[in-house]
Amino acid sequence: MKPIKKWSGIALTGLLSVSLAACGSGSGNTGNTTGDKGDSASAGGKKVTIELAISKSSQDSPFIDETLLDNFEKETNIHINLQLLPAEQTATVLQTKLAVNETPDLVQYNLASATTDLNLERNFEILDDEAWVSRLENKDVLSAYGHVYSFHISQDTGMQGVVYNKDMFEEYGLEIPTTFEEFLAVCETLKSNGITPVFMPYKDNWAANIWPAAAFANAVEPSWFDQLNANEVKWTDVPEFVTALEQQYEVYEKGYTNADVLADSYDMAVGKFLNKEVAMMFMGDWLIESVAEKDPSISLGLFAIPSGDDPKIGASPLGGQLFIPKEAKYKEEAKKFLDYVASQEVAQQIVDERAYVSNLSDVTTPELPGYKQEIVDNYITPKKTTLTTDAYMLVDRSELYRALQDQFAGSKTAEQVLSTWSDKFIQLMKDKGVEGF
Amino acid sequence: MKIQKRLYSYYLIWPALLIYSIFFVLPALIGLYYSFTDWRLDRLEINFVGWDNFTRIFTDDTLLLALKNTFIFAVATVVGKNVLGIALAVALNMRLKTRNLLRAIFYSPSILSILVIGIVFTPLLRTEGAVNRILESIGLHGLSQAWLTDPSIVIWTIAAVSIWQTTGFQMAIYLAGLQSISKDYYEAATIDGATSWKSFRHITLPLLLPAININVMLTLIGGLKVFSEVFILTGGGPGNASQVFGTIILRTFGEGSWGLGTAINTLLFAFVAVISIPLLIFMRRKEVSE
């Protein structure tokens, strides 16, 4: 009896560890949950079902509005089936679907991330010859490598800077700071009045990157990033980068923030502003929109990160575009959907509803909400905007975000953050096979 | 004791073995191959690169830190879960009035989803959270910590949460083991004048060895494979301070380095096998039968 027991035990252990290896090696092939390609038929006139893959976090996308999809189906007899992907796995699931040729017919993603995460050139159709392209006001926000790869009817890129409570600024007689010293003075006044000046939710490490992403881009010319991507200059070469990182840390060190910066997460931000606990946060105008949805009476605004001289507001690359994969089964039907959304009547309706800055010449931009109009007047019209660092990146940045967390945990100095990231950046570029690395 | 007659032929094993081979063994072997390649998101062709991926694992600071954290977590949880598990089992094997209630209470955390545990513990472990408040209220200011955000203690905190969660499960297995020990031994020992420590040391522990073996194996393999506890509580942070193999694999796949990710995974498999199989053989030899 005993030997059998013994060997069965060893076999069990082996089995456990083999199954472990299998799980891991299989993770490149997971996410095939929606295997069947719809109930489609080949001949014209019959109903065709096409697949649109989108992150669950983008459920407010104008392109998956139920009425829009119903109307499209009525008009064209094309049914769009939605594949909602878990937010934190969107990139991995899409990478896998594309790698195993189990492609959806339409994908919603961010153009900038698509170049780093999804291998844009290999996987997606060039849309230069589509009819709607000739009506575009701003082709750049939809283009990469000199071609139009993506579709959107808005050209309203998110703006990043310091989100602030205007009423509080008014109450304490504060002006918008344009230098770091002025910014610290503003913080001091707010703190002495019992308000947490800045909310830093750096448990979500990307949030720690808003300040540097705008400050870095402000410190160098856009061409500097081309040199960086050719390995001609390094992250550690620019003293202003170190200063920018030290400044952000100084705000925390001086006690101008929430106490537990590494334990607080971004999802707490809206509540903090609603409860008037905090006055400012380094974030994008999307936060203002979220707060306004909950309580329109709170008046928030946005100003440029006061890091260097003449600070400009950071413009994030446009997000939430539609793409058509090269391997899509129903390319023509997918293109019909883009045509439908771009048609003057449909596009105007969406642009009005969402208060978009229209990107189509025959669709007019509606009146913008107050904070957006202010950004347009104070920054966009006088050309005081700059694309954030993220817009130039060809590789995954999460290691930089982690190094920033390390800075706040006290285990890295500003210089060490940059040198760690510089090494990782070179490694990632080398792995990617970029020339010069 | 001999088995008189085989009721079923061994051939009946084939369907199960076939499914197991196709869905576990084969992918594992393919995974082994890919761990020697530069398989990447943005490369069209996959090249064989020999030991490159493995050299990189042992020269990358973050990966070495993850290796260290994985072992800290595994050892801490094996010791914690088993020592506490035996202590609880022995205590709750006594004739207490509230015995069944207490067993249920100690077992209950292991039924909870790790997501719930994360939601419950994250606020408790904040610097101004309940744990520190309790410590401060009883005068232990010195012990209050930034449990989840101090890089030097975060992995220990996660191990403690894991111990809290699953010790009850280990306790259940030990209880079953204790109940299979005949009372006769204890009676004989008492007559011979043995103290309760002596009967624990010389009767309970040796006869409990099968249960100890299975529990040590389960907690060790679980500890080396740890993912969800770290992912839910810190996501590997702050920075990379609490990265373990499981979270590093996810991160590496996220960066698009699929070959490297598979290599780390192969290495984890090798570690689990190399550590647990000899340990199992060793511990089995120590077992005694009644």
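Not measured: the values here are computed from a predicted model. Letters A, B, ... mirror the listed sequences (proteins, then strands); counts begin at 1.
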Legend entry - Which atoms of A/D431 approach chain B - backbone, side chain, both or neither, heavy atom under 4.5 Å: both
Legend entry - Segment of B/L233 engaging chain A (4.5 angstrom heavy-atom cut-off): backbone
Legend entry - Top contributor to chain B contacts, counting heavy-atom pairs under 4.5 Å, from A/L262, A/D260, A/N205: A/D260
Inset, instruction - Examine whether an atom of A/E399 lies under 4.5 Å from a heavy atom of chain B, and if so say whether it belongs to the side chain, the backbone or both; otherwise answer neither. - result: side chain
Inset, instruction - Working to the nearest 0.5 Å, report the span between CG of A/D396 and NZ of A/K432. - result: 10.5 Å
Legend entry - Contacting region of B/T62 [heavy-atom separation from chain A under 4.5 Å]: side chain
Legend entry - Non-hydrogen side-chain atoms of B/F54 and B/I57 separated by less than 4.5 Å: yes
Inset, instruction - Determine the interplanar angle of the B/Y33 and B/F48 rings, folded into 0 to 90°, and report it as parallel if under 30°, tilted if 30 to 60°, perpendicular if over 60°. - result: parallel
Inset, instruction - Identify which part of A/D117 has an atom lying under 4.5 Å from any heavy atom of chain B, answering side chain, backbone, both or neither. - result: backbone
Legend entry - Atom group of A/K424 that falls short of 4.5 Å from chain B, counting heavy atoms: side chain
Inset, instruction - Measure B/D150 against the heavy atoms of chain A and call it side chain, backbone, both or neither at under 4.5 Å. - result: neither
Legend entry - Contacting moiety of A/Q427, where chain B heavy atoms sit under 4.5 Å: side chain
Legend entry - Exceeds 12 heavy-atom contacts within 6.0 angstrom, atom CZ of B/F169: no
Inset, instruction - Any chance you could lay out the ring pair (Phe, Tyr, Trp, His ring centres under 6.0 Å) test for B/W51 and B/F36, step after step, and finish with the verdict? - result: CA-CA 6 Å; B/W51 293 95; B/F36 290 96; 5.1 Å; yes
Legend entry - Leading residue by heavy atom contact count with chain A [cutoff under 4.5 Å; candidates B/R251, B/R126, B/E128]: B/R126
Legend entry - Side chains of A/Y149 and A/I126 in contact at under 4.5 Å (non-hydrogen atoms): yes
Inset, instruction - Fit a plane to each ring of A/Y202 and A/F408, take the angle between them on a 0 to 90° scale, and name the class: parallel (under 30°), tilted (30 to 60°) or perpendicular (over 60°). - result: perpendicular
Legend entry - Contact origin within B/T122 toward chain A - heavy atom pairs under 4.5 Å: side chain
Legend entry - Side chains of B/L218 and B/I173 in contact at under 4.5 Å (non-hydrogen atoms): yes
Legend entry - Under 4.5 Å from any heavy atom of chain A - which part of B/T127: both
